[in-house]
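A short worksheet on the structure shown next.
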Amino acid sequence: MRLPFHVASHLDASLRAAAAKLGLAERGFQPEVRVADPAHGDFQANGALAFAKREKQNPRALAQQVVDQLGDLAGDFDLTLAGPGFINFRLRPAALLGWLQEYDTEERLQSGAASARAGQTWIVDYSAPNTAKQMHVGHLRSAVIGEAICRLLAFSGARVIRDNHIGDWGTQFGKLIWAYKQAALSGAAALQSALATAPLEEFERLYKLGNHAADADPAVLAAAQQELVKLQRGDAENLAVWQHINDVSLAAFQQIYDQLGIKFDVTLGESFYNDKVDRIYRELTDCGLAEESKGALVVFHPEHPRFQTQPFIVRKSDGASNYASTDLATILYRYEHFKVDGAAYVIDSRQSDHLEQLFLTAEKWFAKTNRKLPHVEHVGFGTVLGENHKPLKTRDGENIRLKALLDEARERAFALVSAKSPEAPEAERRAIADVVGVASVQYADLSQNRSSDYVFAWDKMISLEGNTAAYLLYAVTRVGSIFRKAATAGSGAESGSKPDSPSVALAKEGAPPPISGEDSARWAALATAPESAAEINLARKLVKFADAVQLATNTLRPHYLCTYLYELAGEFSTFYAADKVIVDDPAVRARRLLLCHRTRLVLTAGLHLLGLRTLERM
RNA sequence: GCGAGUGUAGCACAAUGGAUAGUGUAGUGGCCUCCGAAGCCAUUGAUCCGGGUUCGACUCCCGGCACUCGCACCA
């Protein structure tokens, strides 16, 4: 019998069955299977300890009874008892081989993982910049973490809706439209050309212009407020200007998103919910949750230590909506229109009070209106700090533009690639640097537990040493190098594929590695079970891909996957140094080529899950 | 003041209540007639303080300390 994709849940099921035979299941026996320290085994079950304690039994004797019922696992695992009652499972080499033979493509891996969330619909709310402004470093983490979470959820079988909840409505548009119209009057051609070359810079300039003019001249302020009123009433001309601002903004954002591998399914910003907030006021008032306070409509939560006095303001005293009202309307829309099972809000942890109030309010509101609230979760993250441990800024104290930051990443990577591979043509070095630079920024963010702030240090993230994107990308290219060597050595690898040219340095997104299916299938058939210590350790690590994905997805913490990929790359590097792949013995060569192929498969699949691009050469 | 988050080696980070707290970097010492040394191998060094729960605590609870952030109409 072949092992399933997720070996740990297979063990969990077997242990539950064993416990049931012993009559332990109805008394609440939980297997508690987890990935073990490699020194002890591949997986361990700790459940006997807690259960024996509760039942006042000898834990080791109990564990032995359970093990005695696991006879059918003995073919695939070495089972041992250790310590006070740990059950250790070590995969036998033949079982490792069987798993590696089975999971030979990204699609196969995905179909193995897809049972976890099949049938679920998730919406992920991330990035969410304000229009008419440039994205800056404060927008980095939401975009990068959010995209990784989308891919993880989709890999686990969920239908995922990527939603960019942009800030496209608000009082700043009065001044901006006023300034825009002034600029258009004094020179339409100049305005259009400025907007064509650097649209967001131009909008920022216009906004500052309008802001200063309004400060200096009450007549301007009144005019700007009039523009805002006209916009809110649906004045055609102002709506057109506003629409233009948003279109141009989104096009500029997309240039950043393209680099980060992001493509939204929907962009439903604050303006979209404009006409949906009246219903929110009505419902909240009708069900007794909202009340008037100081002219505003607010929700208090009497049972809560803070929110009994700190209001959730859903309508301002001037009658206007704010982000509480639109966020509530958003939840309702996601429930009614998208029928989501879950919603992940990838938003800075500093907004946790708002989200807690939002979720608490929504919970009560949905309960009172007989709706089932989707699973809502705040995926919070810390601040990006400079090396001085203060929020990352330019020397002038300005926010660092995301565009400039990514440009610098690519430029630094280019310098490094040029130093390491001076013989490569410049165009190829540029192409490699574009991938390495952006991936380094993404990976530096993702590899760290999102809860804490993180220190942004160029030298560490592109240094290529340690837990970095470059180290992982390098591991991928070394595998590729083995396949190129195998082809020239006439070993039969890559038969039928063309010789490499510089233009194939870039792996195509999502494309299978340039190894034909027949070759892969042939090694898989020829391969014998792993034998050397390095082969076995690498194979053991590969099988645990499933656990890493599951852990990262269930906790919505991509860094678990990063840690796994880094460890896998480390196992591969050890194997690479210890065991030569291109050897004469066809069986040895086949099994090592199989390990190489699956290593590249899992590394690239994992990196793509994180939203990174991969390379054939660097 | 109230609340939240974070405190792990010189520095940057891991650890789903489990076994001897892992890794990188920096330091030291080895390894390229051999598939890419952007690499591999070895080695030194840490849980903020004090209680408690537990067979077992970086992890959970209580009390401190330090830093960061939030707290009535910007999002």
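By convention in this document, chain letters (A, B, ...) are assigned in the order of the sequence lines, proteins followed by strands, and residues within each chain are numbered from 1. For clarity, every value in this text was computed on a predicted model and none was experimentally measured.
Put simply, the side chain of A:E356 and the base of B:rA4 share no donor and acceptor less than 3.5 Å apart. You'll find a donor-acceptor pair under 3.5 Å spanning the side chain of A:S293 and the base of B:rA72, going by distance alone.
A:T555 comes within contact range of no nucleotide atom at all, as no heavy-atom separation falls under 4.0 Å. As judged by a 4.0 angstrom heavy-atom cut-off over every strand, A:R350 is placed among residues touching the sugar-phosphate backbone only. Within 4.0 Å of A:Y560, counting heavy atoms only, lie sugar-phosphate atoms of the nucleic acid but no base atom. Base contact: A:Q44 has a heavy atom under 4.0 Å from a base atom. Looking at heavy-atom distances under 4.0 Å, A:A82 makes contact with a base. Within 4.0 Å of A:N449, counting heavy atoms only, lie sugar-phosphate atoms of the nucleic acid but no base atom. Within the nucleic acid shown, A:N322 comes within 4.0 Å of sugar-phosphate atoms alone, with no base atom in reach, counting heavy atoms only.
Atom C1' of nucleotide B:rC69 and atom CG of A:D353 are separated by 10 Å, given to the nearest angstrom. Rounded to a whole Å, the NZ atom of A:K460 is 18 Å from the C1' atom of B:rA38. We find that CD1 of A:I313 is positioned 8 Å from P of B:rC74, with the value rounded to whole Å. Here B:rU68 presents its C1' atom at 12 Å from CG of A:D348, a figure rounded to the nearest Å. Rounded to an integer number of Å, the gap from CD of A:Q172 to P of B:rA75 is 9 Å. Atom CG in A:D579 sits roughly 13 Å away from atom C1' in B:rC40 (whole-Å rounding). A:N130 places its CG atom 9 Å from the C1' atom of B:rC74, with the value rounded to the nearest Å. Computed from coordinates, the A:L360 CG to B:rG3 P distance equals 17 Å when rounded to whole Å.
Straight-line distance between the C1' atoms of B:rA14 and B:rG29: roughly 27 Å, to the nearest whole Å. Only the C1' atoms considered, B:rG24 is 36 Å distant from B:rC62, to the nearest whole Å. Taking the C1' atom of each, B:rG22 and B:rU33 are spaced 38 Å apart, rounded to whole Å. Rounded to the nearest Å, the gap between the C1' atom of B:rU25 and that of B:rU44 is 14 Å. Taking atom C1' in both B:rU53 and B:rA12, the straight-line distance is 34 Å, to the nearest Å. Nucleotides B:rG56 and B:rC49 have their C1' atoms positioned 23 Å apart, rounded to a whole Å. Nucleotides B:rA19 and B:rC58, compared at atom C1', are 16 Å apart to the nearest Å. Spacing of P atoms, B:rA26 relative to B:rG63, comes out at 43 Å, to the nearest Å.
Each of A:R429, A:R412, A:R410 was evaluated against A:D434; a single residue qualifies, A:R410, per the salt bridge (Lys or Arg N to Asp or Glu O under 4.0 Å) test.
Here the side chain of A:K316 is nearest to one of B:rA38, B:rA19, B:rC73, namely B:rC73. In this structure, of B:rG39, B:rU68, B:rC13, it is B:rC13 that holds the atom nearest to the side chain of A:Y454. Comparing B:rA75, B:rG70, B:rC35 by their closest approach to the side chain of A:Y323 singles out B:rA75. Of the candidates B:rC40, B:rA19, B:rC35, B:rC40 carries the atom nearest the A:S573 side chain, counting heavy atoms from C-beta on. Of the candidate nucleotides B:rA38, B:rC35, B:rC71, B:rC71 has the atom lying nearest to any side-chain atom of A:Q310. With B:rC2, B:rU16, B:rA72 as the choices, the nucleotide that has an atom nearest any side-chain atom of A:V35 turns out to be B:rU16. With distances taken from any side-chain atom of A:V455 to the nucleotides B:rG39, B:rG70, B:rA12, the minimum falls on B:rA12. Which of B:rC35, B:rG18, B:rA38 sits closest to the side chain of A:K485 comes down to B:rC35. The A:N46 side chain lies nearest to B:rG18 when the options are B:rC35, B:rG18, B:rA72.
In this structure, B:rA19 forms no base pair with any nucleotide, since neither Watson-Crick nor G-U wobble geometry is met with both distances under 3.5 Å. Nucleotide B:rC2 is matched to B:rG70 when pairs are restricted to Watson-Crick or G-U wobble geometry with both distances under 3.5 angstrom. Across every strand in view, B:rG63 sits in a pair with B:rC49 that passes the Watson-Crick or G-U test at under 3.5 angstrom. B:rU28: Watson-Crick or G-U partner is B:rA42, with both key distances under 3.5 Å. Look at B:rA37: it lacks any Watson-Crick or wobble partner with both distances under 3.5 angstrom. Base-pair partner of B:rC58: not found among the strands shown (Watson-Crick or G-U wobble, both distances under 3.5 Å).
In this structure, the aromatic ring of A:F86 is positioned over the six-membered ring of the base of B:rA19, centres within 5.5 Å and planes within 30°. Judged by ring centres under 5.5 Å apart and planes tilted less than 30 degrees, A:H354 fails to stack against the six-membered base ring of B:rA75.
Atoms CD1 and OH, on A:I177 and A:Y207 in that order, are 12.5 Å from each other to the nearest 0.5 Å.
Taking 4.0 angstrom as the limit, A:Y471 places none of its side-chain polar atoms (N or O) nearer than this to OP1 or OP2 of B:rU23. In this structure, A:T574 reaches the B:rC41 phosphate: one of its side-chain N or O atoms is under 4.0 Å from OP1 or OP2. Put simply, A:Y566 has no side-chain N or O that comes within less than 4.0 Å of OP1 or OP2 on B:rC13. Between A:R478 and B:rC35, a side-chain N or O to OP1/OP2 separation shorter than 4.0 Å is absent. The phosphate of B:rA12 has OP1 or OP2 within less than 4.0 Å of a side-chain N or O from A:H389.
Glycosidic conformation at B:rC32 (O4'-C1'-N9-C4 for purines, O4'-C1'-N1-C2 for pyrimidines): syn, within 90° of 0.
The shortest distance between side-chain heavy atoms of A:P38 and A:R540 falls below 4.5 Å. A 4.5 Å side-chain heavy-atom check between A:D42 and A:F89 finds every atom pair outside the cut-off. No side-chain heavy atom of A:I462 sits less than 4.5 Å from a side-chain heavy atom of A:T468.
Nearest-nucleotide mapping onto RNA chain B: of A:K420 and A:S451, the residue sitting toward the 5' end is A:S451. Of the two residues contacting RNA chain B, namely A:E270 and A:N88, the nearest-nucleotide position lying further toward the 5' end is that of A:N88.
Taking the ring axis of A:F381 as reference, the NZ or CZ atom of A:R141 does not stay both within 45° of it and closer than 6.0 Å to the ring centre. Cation-pi contact between A:R430 and A:F414: present, with separation from the ring centre below 6.0 Å and deviation from the ring axis of at most 45°. Within the cation-pi definition used here (under 6.0 Å to the ring centroid, within 45° of the axis), A:R478 qualifies as a partner of A:Y576.
Here the closest non-hydrogen pair linking A:E567 and A:K541 is OE1-NZ, 2.6 Å. Here the closest non-hydrogen pair linking A:I331 and A:L358 is CD1-CG, 4.0 Å.
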